Amino acid sequence: MKLTVLGCNGPYPAAGGACSGYLLEAENTRVLLDCGTGVLAALTARMAPEELDAVVLSHLHYDHMSDMLPLIYRTAGKKRLTVYAPTAPEAVRALLAGDFDLRDVAQGGQIGGMTFTALPVRHPVPCFATRFEAAGKAFCYTGDTNTCAALAAFAAGCDLLLADACFTDALWAESKPHLSARLAAEAARDAGVKGLVLTHFNPGGDLVTLLREARSVYPRAALAEAGLTVSF
Ligand SMILES: [Zn+2]
Ligand SMILES: [Zn+2]
């Protein structure tokens, strides 16, 4: 499997950056995970978007789906893309319903040579972690979440975990919508994953502290950055 980071900011992009978007490739199958601000340009630099096999949206916050709207224009007349998304908020989902083959991400699915399953996580709108299996490998993406008791079991043994790690210890609280880097690392450790990439960084965030706090728990933790590719 191969993961390419197209954007890793939230909830708005850094100068020249992009919000959440990740290209996952395996078994001649290409899936876009989330499609936030700036992701369509980054994706188009690498491939024709209409050649995607599917888009899987963890949730319908704008920093994870706003570039789905110009993607409608890009794919019009070329391909009716399959899009997996949560069923709520309905007003946001309705923006996509007419132009894509829209399915419920909660049900998981088969996309070309990949199989995926979904786990509801803890965020202000319905959001799903996803786990993809192909060619004997497994990849897990947390989506946006704060602590979620079922996450470690869901990610158990996967080859790579891509995890929301928005906050330093100093800024995290149980009431916030995101994990801290340390908590993401604890989930990685508890799940026994083989690799961890941290993501969802506020523009201007303290990445040095995020990485240090994560590595105090899970020494192989790495930071996402636009253009990063991980093969596993
Ligand atoms: Zn987000
Ligand atoms: Zn969100």
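Whatever order the structure lists them in is the order used to number ligands and atoms, beginning at 1. Since the model is a prediction, treat every value here as computed from it, not as a measurement.
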*By atom name, which N, O or S atom belonging to Asp144 lies closest to the Zn ion (ligand 1)?*
OD2
*Output yes when a side-chain donor or acceptor of Tyr218 lies under 3.5 Å from a complementary backbone atom of Val193, and no otherwise.*
yes
*Taking the Zn ion (ligand 1) as the reference point, name the nearest N/O/S atom of Asp63.*
OD2
*Report the relative orientation of the aromatic rings in Phe132 and Phe139; use parallel for angles under 30°, tilted for 30 to 60°, perpendicular for over 60°.*
tilted
*the Zn ion (ligand 2) to nearest N/O/S of His178 below 2.8 Å*: no
_Side-chain H-bond candidate by donor/acceptor type, His200 with Asp63, under 3.5 Å_ = yes
*Indicate whether the side chain of Thr199 and that of Tyr22 have a donor and an acceptor atom separated by less than 3.5 Å.*
yes
*asked:* If I take the Zn ion (ligand 2) as the centre, what angle separates the NE2 atom of His59 from the NE2 atom of His123? Nearest 10 degrees is fine.
replied: 100°
*asked:* For His178 and Asn146, which I'm curious about, is there any donor-acceptor pair between the side chains at under 3.5 Å?
replied: no
*For the Zn ion (ligand 1), find the closest N/O/S atom on His64 and give its atom name.*
NE2
*Of all N/O/S atoms in His61, which lies nearest to the Zn ion (ligand 2)?*
ND1
